[in-house]
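Single-structure report; data block below.
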Amino acid sequence: MYRAPRGTADRLPDRQKYWRYIESKAVALAQQYGFGRVDTPVFEDSGLFVRSVGEGTDIVEKEMYTFQDRGSDSITLRPEGTAPVCRAYLEHGMHNLPQPVRLYYFCPVFRYERPQAGRFRQHHQFGAEVIGDADPSVDAEVIELAWRLMLSLGLRDIQLLINSIGDQQCRPGYVERLKAYYTGYHDQLCADCRQRLTRNPLRLLDCKVEACHALGQAAPRSVDHLCAECQAHWEQLQGYLKHMELPFQVDHRLVRGLDYYTRTVFEVQPLDAGGQSTICGGGRYDALMEQLDGRPTPGIGFATGMERLILNLERSGVAVPEEPSPRYLVASVGDGARPAALELASRMRRASAGAILSSGARTLRGQMRQANALNIPFVAIIGDDEVRDGTVAIRDMTASTQQTLPLAEFLASLGG
RNA sequence: GCGAGCGUGGCCAAGUGGUCAAGGCGCCUGGCUGUGGCCCAGGAGAUCACGGGUUCGAAUCCCGUCGCUCGCCCCA
């Protein structure tokens with residue numbers, strides 16, 4: 001028997017309420033902030049991600065779904081959302097729109113990883129990007145949007161972490177200081193961290209091994225080595241966030257795994273942060289457009305993992321509204337009444353009433369049981385008597401009462 | 001890529017060498033020839049993940065494979 005591929009999942013009807021819930025909240029907020037929706041293809045030229053995400057990153061090195069298509073072009077299933085949006089910005093000349101351009105999206109994201117709780121090979125993100133304005137007030141707005149989305153979903157035991165990792169001017173110097181610091185403790189580092197020392201020094205900061213973690217306490221902090229411009233940006237941002245009354249915490253160990261981030265980075269995490277715990281992550285990417293052969297254009301954005309949001313909604317017991325379902329089931333008695341039942345159901349729907357037609361192949365008792373099992377509040381019963389009289393029997397399943405009405409009267413009562 | 005645990009009908013699950021499989025949920029039917037929820041009775045549905053081995057005999061022991069889950073790396 002075929003199964004869904006590893007790390008993928010079918011979304012069955014009983015799960016849909018979570019998706020609709022998150023989507024509706026996210027869309028409402030995004031629109032409130034002036035964002036427009038953008039949808040980009042599921043796959044792109046592989047080069048787009050290699051150049052933006054970075055050749056040394058895990059995503060590019062071992063996690064991309066890359067293949068040759070029949071025209072022998074190298075194609076990659078989108079491993080993240082920001083680069084395609086930036087590509088679309090450039091391709092459609094959005095620099096001719098009033099700046100900045102605010103865009104949001106929902107999309108599937110693919111990474112070849114070992115699945116575990118909160119991590120999948122295909123997962124889904126809601127993301128928002130503001131392109132074309134480097135002012136820290138934009139950072140503040142984007143962070144506020146992310147935070148308010150979490151709150152509006154009903155998530156409470158969460159924290160907002162921010163940091164600044166500098167830009168092309170100041171980060172190289174900082175990274176050198178960091179390397180120098182950790183090199184002094186080379187013998188105390190775990191095997192992974194010895195690798196990081198040369199490959200990705202920033203990641204030394206958030207190693208979970210106790211010895212390494214302890215070393216991180218006294219490690220040089222990026223915010224202490226910012227250039228003047230980055231420093232000003234960082235201070236203004238914090239001031240704005242305070243004015244917006246956002247409960248942020250500065251986390252000097254917060255770094256992000258994609259190469260394109262500059263200056264501001266931020267995450268939202270559950271307080272009981274475990275393994276795959278980050279539910280929202282983002283940051284500024286002022287150099288990204290140039291890497292994609294565009295004019296220098298600043299940008300900032302974030303993405304949240306839908307599956308992780310749902311995981312947290314369930315863990316914290318947030319009540320999510322049920323999907324709407326029909327209020328009526330149309331039952332019929334006897335073969336003669338079946339065409340009439342079909343017609344009744346059709347007329348009810350044209351009158352904007354939800355109706356499930358029971359096929360009539362089973363007994364009335366069976367149809368009533370079906371209505372009960374489906375939690376349907378009303379059953380419209382039509383049999384030979386009703387067909388003859390032009391009526392319909394309406395049973396109220398919760399009150400266990402029933403009345404027979406003229407068909408026209410019943411249909412009129414449905415409204416719409 | 002590394003490490004750990006697990007794999008019995010759609011779901012949950014008993015059974016740990018000797019009637020090839022209990023029970024519960026769910027589904028269908030009947031008890032009530034046109035009426036639900038409770039109850040009662042019945043039914044459908046399992047090559048016990050797959051392959052090999054040990055044994056007179058395996059769901060049950062051994063080996064391999066596959067799959068799932070959890071963790072590491074990394075990330076949403």
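So you know, we letter chains A, B, ... as the sequences are listed, proteins then strands, and number each from 1.
- Using atom C1' as the reference point in both B:rC62 and B:rC2, the two lie 26 Å apart (nearest Å).
- The aromatic rings of A:F126 and A:F106 lie tilted to each other, with the angle between the two planes from 30° to 60°.
- Judged by distance alone with a 3.5 Å cut-off, no donor-acceptor contact links the side chain of A:E61 to the base of B:rG1.
- A gap of 13 Å separates the C1' atoms of B:rA44 and B:rG26, to the nearest Å.
- When both distances must be under 3.5 Å, the Watson-Crick or G-U wobble mate of B:rG26 does not exist.
- Side chain of A:R3, nearest nucleotide from B:rC68, B:rC74, B:rG31: B:rC68.
- The two residues A:Q168 and A:A287 come nearest to each other via the heavy atoms NE2-CB, 3.5 Å.
- Rounded to whole angstrom, the span from the CE atom of A:M64 across to the P atom of B:rC74 amounts to 18 Å.
- In this structure, of B:rA76, B:rG34, B:rG31, it is B:rG31 that holds the atom nearest to the side chain of A:R365.
- Heavy atoms of A:Q195 sit nowhere under 4.0 angstrom from any nucleic acid atom.
- One can place CG of A:L258 at 13 Å from P of B:rC74, the figure rounded to the nearest angstrom.
- In this entry the distance linking CE of A:M306 with C1' of B:rA76 reads 11 Å, nearest Å.
- Nucleic acid contact for A:R196: sugar-phosphate only, since backbone atoms but no base atoms lie under 4.0 Å from a heavy atom of the residue.
- Comparing B:rG9 with B:rA21, their C1' atoms sit 11 Å apart, to the nearest whole Å.
- Of the P atoms belonging to B:rA49 and B:rA58, the separation is 15 Å, rounded to the nearest Å.
- In the model, A:D396 has a side-chain atom that pairs as donor or acceptor with a side-chain atom of A:T398 under 3.5 Å.
- You won't find any donor-acceptor pair under 3.5 Å spanning the side chain of A:R395 and the base of B:rG37, going by distance alone.
- Taking the centre and axis of the six-membered ring of A:Y112, the NZ or CZ atom of A:R121 falls inside the cone set by 45° and 6.0 Å.
- Among the protein residues, A:A371 comes within range of no part of the nucleic acid, since none of its heavy atoms lies under 4.0 Å from any strand.
- Picking from B:rU29, B:rC70, B:rC74 the nucleotide with the shortest atom distance to the side chain of A:R203 gives B:rC74.
- When the P atom of B:rG36 is taken as reference, atom CZ of A:R362 falls 14 Å away, rounded to whole Å.
- If you find the closest nucleotide of RNA chain B to A:I279 and to A:V333, the one lying nearer the 5' end belongs to A:V333.
- As rounded to the nearest Å, B:rU60 and B:rU16 have P atoms that lie 12 Å from one another.
- When rounded to the nearest whole Å, the span between OH of A:Y328 and C1' of B:rG36 equals 17 Å.
- In this structure, A:M368 atom CE and B:rC28 atom P are separated by 15 Å, rounded to whole Å.
- Figure legend. B:rC48 is base-paired to no nucleotide; pairs are counted as Watson-Crick or G-U wobble with both atom distances under 3.5 Å.
- In the set B:rA76, B:rG36, B:rG67, the nucleotide with an atom closest to the side chain of A:R6 is B:rG67.
- Residue A:E63 is classed as a sugar-phosphate contact, given heavy-atom separations below 4.0 Å to backbone atoms only.
- Base pairing annotation: B:rC61 forms a Watson-Crick or G-U wobble pair with B:rG53, both donor-acceptor distances under 3.5 Å.
- A salt bridge does not link A:D45 with A:R87: none of the charged nitrogens is closer than 4.0 Å to a carboxylate oxygen.
- The partner of B:rC68 is B:rG5, by the rule that a Watson-Crick or G-U pair needs both atom distances under 3.5 Å.
- In this structure, the nucleotide among B:rG34, B:rG30, B:rC74 sitting nearest to the side chain of A:R369 is B:rG30.
- Across the C1' atoms, B:rG42 and B:rA59 are found 28 Å apart, a figure rounded to whole Å.
- Ranked by how close their nearest RNA chain B nucleotide is to the 5' end, A:D384 and A:G366 are led by A:G366.
- Within the nucleic acid shown, A:I381 comes within 4.0 Å of at least one base atom, counting heavy atoms only.
- Within the nucleic acid shown, A:Q402 comes within 4.0 Å of at least one base atom, counting heavy atoms only.
- When each of B:rC70, B:rC27, B:rA76 is scored by its nearest atom to the side-chain atoms of A:A373, the top-ranked nucleotide is B:rC27.
- Distance, A:Q367 CD to B:rC28 C1': 14 Å, rounded to whole Å.
- For the residue pair A:T304/A:Q125, the side-chain donor-acceptor check at 3.5 Å is not satisfied.
- The minimum heavy-atom distance between A:Q159 and A:P270, with the atom names listed, is NE2-O, 4.0 Å.
- Comparing the same atom, C1', in B:rU8 and in B:rA46 gives a spacing of 8 Å after rounding to whole Å.
- With both pairing distances under 3.5 Å, B:rG34 is matched to nothing as a Watson-Crick or G-U wobble pair.
- Side chain of A:T363, nearest nucleotide from B:rG34, B:rC74, B:rG30: B:rG30.
- For A:R15, the CZ atom is densely surrounded, since the number of other residues' heavy atoms within 6.0 Å is greater than 12.
- Taking atom P on both nucleotides, B:rU54 is separated from B:rC11 by 34 Å, rounded to a whole Å.
- Counting to the nearest Å, the P atom of B:rG37 and the CG atom of A:N372 are 6 Å from each other.
- The listed nucleotides are B:rG36, B:rA76, B:rC70; the one nearest the side chain of A:Q116 is B:rC70.
- Here A:F126 lies out of heavy-atom contact (under 4.0 Å) with every strand.
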